[in-house]
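These notes are about the structure you will find just below.
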There are 2 protein chains.
Amino acid sequence: MGRKRLQESADGRPTVHTVAARAGVSIASASRVLNGVGGSPETIRKVRAAAAEVGYVPNAIARSLQSQRTGLVALAVEDIGNPVYVAMMRAIEAVVASSGRQLVVHATGGRIDNEMTLLRRLANRYVDGMIISPIRVTDDHLGALAGSPVPVVVIGQLGADAPVDNVRTDSRRGVALAVDHLLATGRRRIGFVNGPLDTVPGAARDAGFRAALARHGIHLDEDLVEVGDFQYAAGRAAALRLLARASPDALVCANDLIAVGALHALLAAGRRVPEDVALVGMDDTELAQMMFPQLSSVSLGSAERGRRAAELLLQRIADPTLPPRREQVPPSLAVRASSGTTLPAARPSADPLDGPTAPTPTHPSSEGVTA
Amino acid sequence: MGRKRLQESADGRPTVHTVAARAGVSIASASRVLNGVGGSPETIRKVRAAAAEVGYVPNAIARSLQSQRTGLVALAVEDIGNPVYVAMMRAIEAVVASSGRQLVVHATGGRIDNEMTLLRRLANRYVDGMIISPIRVTDDHLGALAGSPVPVVVIGQLGADAPVDNVRTDSRRGVALAVDHLLATGRRRIGFVNGPLDTVPGAARDAGFRAALARHGIHLDEDLVEVGDFQYAAGRAAALRLLARASPDALVCANDLIAVGALHALLAAGRRVPEDVALVGMDDTELAQMMFPQLSSVSLGSAERGRRAAELLLQRIADPTLPPRREQVPPSLAVRASSGTTLPAARPSADPLDGPTAPTPTHPSSEGVTA
DNA sequence: CCGATCGCTGTAAACGTTTCCGGCGAGTCT
DNA sequence: AGACTCGCCGGAAACGTTTACAGCGATCGG
């Protein structure tokens, strides 16, 4: 007598057929009241009761197949351990959740092939859209992005002509903010610990650093520039290499992980921060504020970029015919203890032991000074 | 002449019908060769060619509906910003990916209602299974877990009789490791900065701390115990409160975020670490090694727990009839600079300035000493 | 040389929803 | 009173796959 099983799913769970049969109505009616559209008071009552009795829960997959949307949005970033991406993710998650969708996170490790695989997989429609923050951009990327069957928005620099929704910041200007600040507080031998130059952010920050120094008419001593990758360990190692051959009085780091590594290297080498060496990180993650002394950091508006990217994506999902849009989030500088003291440039040695002092924030938030 | 569109999906993308028609075979044959099962050399050639020409990519949703599996696995943790969960997630992701599945990450914020919503949503089958690490466990949880229509494994303590796959550690013993180590290195006034007592880990760590002191016959001064939540800011605030009313010579913290907060509080208060106050964190995250001095930390084997949980889950997905299993990962202590010096307990003041020294690691990895 | 076997194929039925469409009874307007 | 609208209902067709089943020609063994 196993013929009535047409009404329930393979594993014995109730389907819309089950509740329809139990309520004595058609599956069409059952589906309608379950979706809250139409139905007479009487059928509504019967269907609701039946659904409750059997513990009916609609099957998300079947619904997706019918509605052509999964309710999922993907986020692809290089390294989920980097707090900047955590911040971005939180912001994205907030707006995505407000549209009733869920976020799927992918860590690409910055590997091009991983990213391409992800982009190709988009074609099978397992998500409604994707936000990707590629660290390197190739022609293959651009092709895949332009030809993507589902909406994609890119966080980060992209070719000017790429017909893709894009939210970016100006990290060249961000580096300039740091350099200006350090020069203004009396630093003269400013070092730079960067990430790989073959990445988009690495190249931009390198260009920004050189341009900023040039603008001030300062000759760049190449011994003061060091490159690793965007991780803590590499930042620490790179800073150690730099310290072994030069003695900067300030260090700009291409992100906060590197800055934390550099701080470690400086303290281990017996340099005081900020008295001997001022330190400025980048991305203004929560990590910067956890350090002692707290790190100055260039905010690239990660949360804001994430929020905007998510909004762009939702808009495009709603209306795929929108023209490609581009948004820009300006950088700002949060000055904290790690660069908070002005060097006694001309001053004779006064206050040799004034220690790390808190900056006087004029920033609306508690984060520091916006330059 | 729009009748041939039966062959392509609503948005004009090719379906199996498209390639079948183009190859001049039935959809069954097309599907077979696309799945690499069966087909004569000639049909294989034709179908492959047709698929390539039209750029066919199978629709994941339709496939899921048919196969009753989505290829997704969910992970629910309290706070994705906590590096311990990042480590766990990386480990899980690795084994999950090796089975061809993808990971969906949810941040619950430790809120019971969020977790219950997640658990209930499981019933709609949008994932093949779930790993959850609840910070508080209620009867509702247990009910939802036991009655879950898809496999679930829990990371963390759970009632002994709960019929749910479970991997745990012994954080009471973890705290004991820290206390033993501090006592052995001459510390006497050991403070404790914990998370909320109404959480499972908070309660366990509190019990562990008290038991460890009792075992050594030490009376616990309640002034040396402080509670916040498991975040950095709360840890820092709690440590400041504690320092304002007591002067410990060592501090055990319920996780690394708290420990980093405490380090900040100690340094800001002018206490030297480890000379004046030794510091031991918990979870042994990468954060512990980023600090200066590097933090000793009790490893609770997060990566290992994640790995095992993922394996349990995959096994259960493969065979849902398995009996509930329980695995335990032992804690260990990584000793680093923040507690690396032995106090000159009886010794007169020798080497007043020996500074933070690196421990001599006997641990197989570079992480420190296993106690 | 004929029946069994085997490899391949196409038809059609699933998977669980949503939704189009025609039917039908009750009301409304003229 | 008849034509019309209107709300509700059920049958059936989607959505795009995989797969059970049956048919069919060729090969093989006796």
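In this text, all values refer to a predicted model and were calculated from it rather than measured experimentally. We name chains A, B, ... by the order of the sequence lines, and we start the count at 1 in each one.
Formation of a donor-acceptor pair under 3.5 Å by the B/T18 side chain with backbone atoms of B/T15 is found in this model. Checked by atom type and distance alone, the side chain of B/T199 never pairs as donor or acceptor with a backbone atom of B/I135 at under 3.5 Å.
In the helix from C/dC1-D/dG30 to C/dT30-D/dA1, the rotation axis of the first five pairs and that of the last five pairs differ in direction by 40°, rounded to 10 degrees.
Relative to the side chain of B/Q68, the nucleotides C/dT17, C/dC15, D/dG16 differ in distance, and C/dC15 lies closest.
When each of B/A28 and B/L65 is assigned the nucleotide of DNA chain C bearing its nearest heavy atom, the one mapping closer to the 5' terminus is B/A28. Residues A/Q66 and B/G39 both approach DNA chain C. Their nearest nucleotides, taken by heavy-atom distance, put B/G39 toward the 5′ side.
The shortest distance between the side-chain N/O atoms of B/S40 and the OP1/OP2 oxygens of C/dT9 is below 4.0 Å. Within the structure, every side-chain polar atom (N or O) of B/T15 is placed at least 4.0 Å from both OP1 and OP2 of D/dG16. Taking only side-chain nitrogens and oxygens, B/S29 comes nearer than 4.0 Å to OP1 or OP2 of C/dG10. For B/Y126 and C/dG16, the shortest distance from a side-chain N or O to OP1 or OP2 is not below 4.0 Å.
In this structure, B/H17 atom NE2 and C/dT11 atom P are separated by 11 Å, rounded to whole Å. Atom P of nucleotide D/dT17 and atom CZ of B/R13 are separated by 9 Å, given to the nearest angstrom. The separation between A/R63 atom CZ and C/dC15 atom C1' is 16 Å, rounded to whole Å. Following rounding to the nearest Å, A/R69 (CZ) and D/dG16 (P) show an atom-to-atom distance of 16 Å.
In this structure, B/R90 pairs ionically with A/D79, as a charged nitrogen and a carboxylate oxygen lie closer than 4.0 Å. A salt bridge links B/E42 and B/R45; the closest N-O separation between the charged side-chain nitrogens and carboxylate oxygens is under 4.0 Å. Using a 4.0 Å cut-off between a side-chain N of Lys or Arg and a carboxylate O of Asp or Glu, B/R307 and B/E304 qualify as a salt bridge.
Of all heavy-atom pairs spanning B/V127 and B/V150, the tightest one is O-CG1, 4.0 Å. Scanning all heavy atoms of the two residues, the minimum distance from A/R101 to A/L314 falls at NE-CD2, 3.7 Å. Closest of all the heavy-atom pairs between A/Y56 and A/P14 is CD1-O, 3.7 Å.
Only at 4.0 angstrom or more do the heavy atoms of residues 42-53 of chain A sit from any atom of DNA chain C, so none qualifies. The stretch residues 30-38 of chain A comes close to DNA chain C through A/S31, A/R32, A/N35, each having a heavy atom under 4.0 Å from the strand.
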Polar atom pairs (N or O), protein with nucleotides 22-26 of chain D, under 3.5 Å:
none

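With sequence neighbours excluded, no residue satisfies side-chain hydrogen bond (donor to acceptor under 3.5 Å, both in side chains) with A/T117. Remark: A/T43 engages A/S40 in a side-chain hydrogen bond (donor to acceptor under 3.5 Å, both in side chains) (not counting sequence neighbours).
Between B/D165 and B/V152, every side-chain heavy-atom pair lies at or beyond the 4.5 Å cut-off.
Across all strands, B/I27 comes closer than 4.0 Å to base atoms (heavy-atom distances).
Taken from CD1 in A/I92 to CG in A/L75, the straight-line distance is 4.5 Å, to the nearest 0.5 Å.
With 3.5 Å as the limit, one finds no donor-acceptor pair spanning the side chains of A/T138 and A/D140.
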| message | Between A/R325 and A/Q315, is the side-chain hydrogen bond (donor to acceptor under 3.5 Å, both in side chains) condition met? List the steps. | response | CA-CA 11 Å; A/R325 291 150 302 164; A/Q315 289 165 14; 2.5 Å; yes
